[in-house]
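Heads up, the thing below is written out as structure tokens.
For this chain, numbers begin at 1 and follow the sequence in order.
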Amino acid sequence: MKMIKSLAIALALCATTPAMAQFTAGGSSSSDSENKGYNRVAVSYNNSLYSPNIVADGITSIGLNGVGVNFIHGFSLSETLPMFLEVGGNLNFDFGSQDLTDKLTEGEYWAQAKQLYQDINLQVPVNFLWKFNINENFSLDTYFGLNFKLHLSSTQKKDIDTNIPEEVWEEAGIKTEYESISLFDEDKMGKDNTWNRFQMGWHVGVGAHYKKFYLGLQYGTDFIPAYSYSKSDYKINTSNLKVSLGYTF
């Protein structure tokens with residue numbers, strides 16, 4: 001995962017200045033048709049890593065994996081240079097879990113307590129993009145920008161992962177079904193313990209176009225943490241990796 005993130009950043013940073021100089025100084029200007037605005041729809045795989053700023057026993061990072069539905073519109077910023085302003089909207093559904101206990105075994109039976117997380121968020125990216133036309137069918141672009149994220153629903157729920165029959169738990173009087181709790185609910189989480197519904201961050205990315213088909217890789221972090229405790233410096237920061245497959249029209 002760290003290698004993929006490093007690759008995304010390195011490609012985006014290395015591609016901008018030298019290649020830009022080649023395209024402008026080398027006389028490879030784009031035609032008017034190549035500099036027109038565009039729309040793109042895409043589906044994406046998302047990985048969001050929630051990392052506490054304090055390392056201690058029992059406090060670990062949580063990775064949520066999910067899918068997204070994305071729309072981008074690109075506005076041309078120049079008639080002669082292939083640079084664009086992108087604005088869009090992404091709807092994402094992310095899921096993950098965290099072990100609360102070690103796996104406990106007794107003979108052939110085992111049980112483990114987990115915490116389940118679910119997040120649905122709406123994101124609005126704003127990007128500056130430079131496009132590199134390789135030939136009439138293939139092009140590459142690199143971009144950087146800001147991201148505005150609104151969490152529509154963020155929940156946590158305790159769960160017991162086990163192969164012990166349900167009737168055994170019932171006979172022992174142990175509850176295995178737990179309610180889902182909103183991370184924004186002051187009554188359930190506590191007034192000083194709710195998570196942040198809004199986040200803002202940055203990202204860089206690279207994309208490859210073959211005719212109207214698109215494959216993109218993006219990485220970024222958020223300026224505003226997902227969680228911050230008002231009575232201490234404890235925070236949970238987030239980073240985001242995204243792989244997109246789309247169609248441009």
Side-chain angles (χ1 to χ4, degrees), residues 1-2 4-16 42 44-56 59-66 68-75 84-96 98 117-130 141-156 182-184 186 189 191-207 216-244:
M1 184 66 69
K2 291 183 178 180
I4 296 177
K5 294 176 180 177
S6 300
L7 179 61
I9 296 174
L11 285 173
L13 294 179
C14 292
T16 50
S44 62
Y45 158 75
N46 308 314
N47 176 267
S48 297
L49 184 64
Y50 291 71
S51 304
N53 65 333
I54 298 176
V55 179
I59 300 177
T60 59
S61 297
I62 307 168
L64 302 188
N65 296 292
V69 180
N70 314 294
F71 173 79
I72 280 285
H73 179 76
F75 298 89
F84 300 85
L85 175 68
E86 290 188 331
V87 179
N90 310 324
L91 182 61
N92 302 303
F93 304 85
D94 299 330
F95 308 89
Q98 184 181 38
Y117 295 91
Q118 176 180 299
D119 182 65
I120 303 174
N121 63 76
L122 178 65
Q123 300 183 22
V124 177
V126 180
N127 306 324
F128 173 79
L129 179 143
W130 191 280
D141 57 45
T142 180
Y143 63 89
F144 63 90
L146 296 176
N147 190 63
F148 304 90
K149 182 191 301 181
L150 178 65
H151 294 275
L152 304 178
S153 174
S154 295
T155 61
Q156 66 178 18
S182 171
L183 299 178
F184 312 120
E186 292 185 358
M189 299 295 294
K191 184 177 181 180
D192 298 321
N193 215 32
T194 56
W195 290 49
N196 294 324
R197 189 177 287 274
F198 174 77
Q199 289 183 275
M200 182 177 71
W202 66 274
H203 54 247
V204 294
V206 292
L217 178 63
Q218 177 181 295
Y219 174 74
T221 64
D222 293 306
F223 304 134
I224 300 175
Y227 170 86
S228 55
Y229 188 51
S230 60
K231 297 181 180 180
S232 73
D233 294 330
Y234 180 72
K235 298 178 181 179
I236 296 179
N237 299 306
T238 47
S239 59
N240 309 284
L241 177 69
K242 178 178 178 178
V243 181
S244 302

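Here the CD1-NZ distance, from Ile224 to Lys235, works out to 10.5 Å after rounding to the nearest 0.5 Å. Rounding to the nearest 0.5 angstrom, the gap separating the CG atom in Asn196 from the CZ atom in Phe184 is 8.5 Å. Residue Thr221 holds its OG1 atom at 8.0 Å from CG of Asn240, rounded to the nearest 0.5 Å. Note that CG of Leu64 is 9.0 Å distant from OH of Tyr117, once rounded to the nearest 0.5 Å. Within the model, atoms CZ of Phe95 and OG1 of Thr155 stand 9.0 Å from one another, a figure rounded to the nearest 0.5 Å. Here the CG atom belonging to Leu217 is positioned 6.0 Å from the CG atom belonging to Leu241, to the nearest 0.5 angstrom.
Within the 4.5 Å cutoff, the side chain of Asn147 has heavy atoms near those of the Pro125 side chain. Taking the side chain as every heavy atom from C-beta outward, Leu91 and Phe93 approach each other to under 4.5 Å. Side-chain contact between Phe144 and Thr142 is absent, with no heavy-atom pair separated by less than 4.5 Å. Inter-residue side-chain proximity for Gln156 and Met189 is flagged as met; some heavy-atom pair is nearer than 4.5 Å. Considering only heavy atoms from C-beta on, Val126 comes within 4.5 Å of Leu85 through its side chain. Between Phe84 and Ile72 there is no side-chain heavy-atom pair separated by less than 4.5 Å.
Not counting sequence neighbours, the partners of Lys149 by the salt bridge (charged side-chain N to carboxylate O under 4.0 Å, His left out) test are Asp222. When the side chain to side chain contact (heavy atoms under 4.5 Å, CB included) test is applied to Ser51, the partners found at least two apart in sequence or on another chain are Leu49, Ser61. Asn70 meets the side chain to side chain contact (heavy atoms under 4.5 Å, CB included) test with Ala42, Ser44, Asn90, Asn92, Lys242, Ser244; sequence neighbours excluded.
Under the 30°/60° scheme for interplanar angles, the aromatic rings of Tyr219 and Trp202 are found to stand perpendicular. Using cut-offs of 30° and 60° for the angle between ring planes, the Trp195 and Tyr227 rings count as tilted. Taking the six-membered ring where tryptophan is involved, the planes of His73 and Phe75 are perpendicular, since the angle between them exceeds 60° and thus also 30°.
Of all heavy-atom pairs between Pro52 and Tyr50, the closest is CD-O, 3.9 Å.
Counted by atom type alone, Asn127 and His203 present one or more donor-acceptor pairs between their side chains at under 3.5 Å.
In this structure, the side chain of Asp94 does not engage the main chain of Asp119 through any donor-acceptor pair within 3.5 Å.
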